[in-house]
Amino acid sequence: MKNIWICILGGMLMVFASCKDKTDTPGTVQEEATKPAVYQEAYRPQYHFTPAEKWMNDPNGLVYNEGLYHLFYQYYPGDIVWGPMHWGHAVSKDLVFWEHRPIALFPDNNGYIFSGSAVVDIDNTSGLGTDGQTPLVAIFTYHDSNKEKAGGTDYQTQGIAYSTDNGEIWVKYPGNPVLPNKDGIKDFRDPKVFWHEGSQNWILVLVAGDHARFYRSPNLLEWEYMSEFGRDKGAHGGVWECPDLFPLKVEGSGEEKWVLIISINPGAPNGGSGTQYFIGNFNGSEFTSRQKDTRWLDWGTDNYAGVTYNNVPDDARIFIGWMSNWAYANETPTEKWRSAMTVPRKLSLRQFGDTISLVNYPLESLATILKPEGAKSIEIAPGDPEIIPNADYNQSEVRFNTVSRDFTLTFSNDREEELVLTVDGKGKEVLLNRSASGKTDFQEDFGKEVIRMPIPNLPEGTVEVRLLLDASSVEVFINGGQYVMTAQLFPNAPYTTLKVENTGTDPLELDGFEISAAESIW
Ligand code: FRU
C-alpha cells in the first residue's frame, strides 16, 4: 500500500526513480526519491549525484553496459559518517539523470567492500556467465577490519563479484580473494581493471602504499604480478589511492599516450586529498613516464578518488570524482546524507606549447538541464564594477570568454556571505576564497586558506571561464578544462549578486557572458 501511494505521489511530482522496479527488486532500496521529502534539504545539490541518504565516498565500478551507465560508490547505509563499506548503486541513461538502485555489494566474512572497478566480460573469459549471458564483473578490495585490529598487515585483498542481469543482483565469487596480499602490504587496494587489446589480457592496476602495481590475467580469476611504478615519481605527501590507467589520443594528432591517475591523501596542493596524473606509456606489462613535474587533475580541494568509465561507446573517457576531501569529509554540515559526485567530465589530452595536459570538462549532455538566458557582451572599466543580479546563482552555470587575466568575480547573498574568484595575471594564478562563503565553522581548517591554482601554461588570447554552481559546490573550468578547481561551500542562502571587478588597466571585455539556470535532476 505504501508503495502505491509513493508511486502516485511520485508520479504527480515527476519523481525520477522507477517505483515498479523498486517493489520487485530484492535488497535494500534507498528511500523513495520524493523531492519535497528528500531533495530539498539545506545544501542539497540539485544536479550533482548524491545518495538519497547516508554516507558516500569514492565512485566505484564505473561501467557502461546495455544502455546504462552504472555508478557504484562507497556507501555506508548506517550513518552519515564513514563506516563498514558497501557499494551503493545508481544508473543513468545519459549521465545527467540518475536512478537509485538497491545496494549492490554488502560486507562479508572477507571484510568491507572498498573501492574498485567493473568490467563487461564480453567473451565470458571468467566463465561466470551462464546460459550465454555476459557477466558484469566487479573487482574490489576486501578490507578485513578484524585482521586490522588484531595487528595484521595483510588485511586488504582483492575480490570479485558478478552479475548476469546488468548489475541488479550480484553474486560474490566463491574463490575470493582472487588476489591475496602475499607481501603483507598495509595499503593494498582500489583495483582498476580493463581489457588490454594489445596483450589480450585483463590488466589490473592497484596501489600499494607509495606506488602502483600492475597485474595481468586471462580470466579475471588468476592474477600474475608484472611490474610497479612510482616510488620515486610524483607527489608522496600521503598514501596513494584509487589508480586508473587508460590510453588517450593527443587532440589533433594521431599520437596515443597512456595516462595514470593516482589519488593521494594527504598531500594535495591545497591541503588534504587530491588527484595527480602521469602521462607516459604502457606496453602491456609496464607503465613508464618521463614526466618530471607533479601534475594535478584538479586544483580545488574537493575532487578526490575520481576514476573513469569502462566500455563506453566510441572510447570516450568519462571521469567522475568524489566532491569532498578527507580533511573534513566526515564533518560537512549536511544532516541526511553526506557528499556529492562531480559532474561527469570528459578527459582529453591537449597540447599547450611544449606541454601535453590532461584536460577535464563537463560532458555536452549537461546542456539538457541548462536553461540559457541569452548571451551578452559586457565591458567593465577599472574601478567601476558591474553588478549582475540573478535569482539563484547556486543552481546555475555562468560562462564567458575574455582576453583579460585581471578580474575578480564575487558571488554574494543577503547574509553577506561571499565566494570570490580572482584571476591574477601578474601572479599567474587563479584564487578561490571561500572563507566567508557560508558555513565554515564545522571544521577548523575549512575555508581558512585561499585555494590557489597556478596557470603557467594558459595561452595568450581569448579563454573561456565557466563555472558550475550547485547548492554546496563550485566547479571552475578555465580554457575548456585546461585548469580546473572544484570546491565545496555551504552558503546559507542562494547567492543572488555577482560583482565583476576589473583589476587590470585596460577595459575588461566579457564576451558571450551567459547565465543558465540549472534544472533539478531529481
Ligand atoms: C579513497 C579510499 C580508498 C578506499 C576507500 C574506502 O577515498 O580511502 O582508498 O578503498 O576510500 O572507503
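Numbering starts at 1 and runs along the sequence shown. Read the numbers this way: they start at 1 and go in the same order the structure lists the ligands and their atoms.
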Nearest protein heavy atom with distance in Å, relative to [atom]:
atom	answer
atom 4 (C) of ligand 1	Asp190 OD1, 3.5 Å
atom 8 (O) of ligand 1	Glu241 OE2, 2.9 Å
atom 1 (C) of ligand 1	Asp58 OD2, 2.9 Å
atom 6 (C) of ligand 1	Gln74 OE1, 3.2 Å

Check: Is any N or O atom of Trp82, backbone or side chain, closer than 3.5 Å to an N or O atom of ligand 1?
Finding: yes

Notebook entry, point to check: Are any of the N or O atoms of Asn57 closer than 3.5 Å to those of ligand 1?
Noted result: yes

Check: Taking the six-membered ring of Tyr361 as reference, does the NZ or CZ atom of Arg466 fall below 6.0 Å from its centre and within a 45° cone about the axis?
Finding: yes

Check: Backbone N or O of Ala487 within a donor-acceptor pair of the Thr301 side chain at under 3.5 Å?
Finding: no

Checklist line | Polar side chain donor-acceptor pair, His48 to Glu475, under 3.5 angstrom | finding: yes

Next item on the list: Answer yes or no for Tyr112: is there a heavy-atom contact with ligand 1 below 4.0 Å?
Entry: no

Note to self: Any heavy-atom pair between the side chains of Ile185 and Thr153 that's under 4.5 Å?
What the structure shows: no

Checklist line | Heavy atoms of other groups near Asn109 CG, more than 12 under 6.0 Å | finding: no

Check: Has Asp123 got more than 12 heavy atoms of other residues, nucleotides or ligands less than 6.0 Å from its CG?
Finding: no

Check: Which heavy-atom pair separates Val178 from Leu221 by the least distance, and what is that distance?
Finding: CB-O, 3.5 Å

Those atoms of ligand 1 less than 4.0 Å from some heavy atom in [X]:
X	answer
Arg189	3 (C), 4 (C), 9 (O), 10 (O)
Ser115	5 (C), 10 (O)
Tyr304	1 (C), 7 (O)
Met85	12 (O)

Check: Is Arg338 salt-bridged to Asp79, cutoff N-O under 4.0 Å?
Finding: no

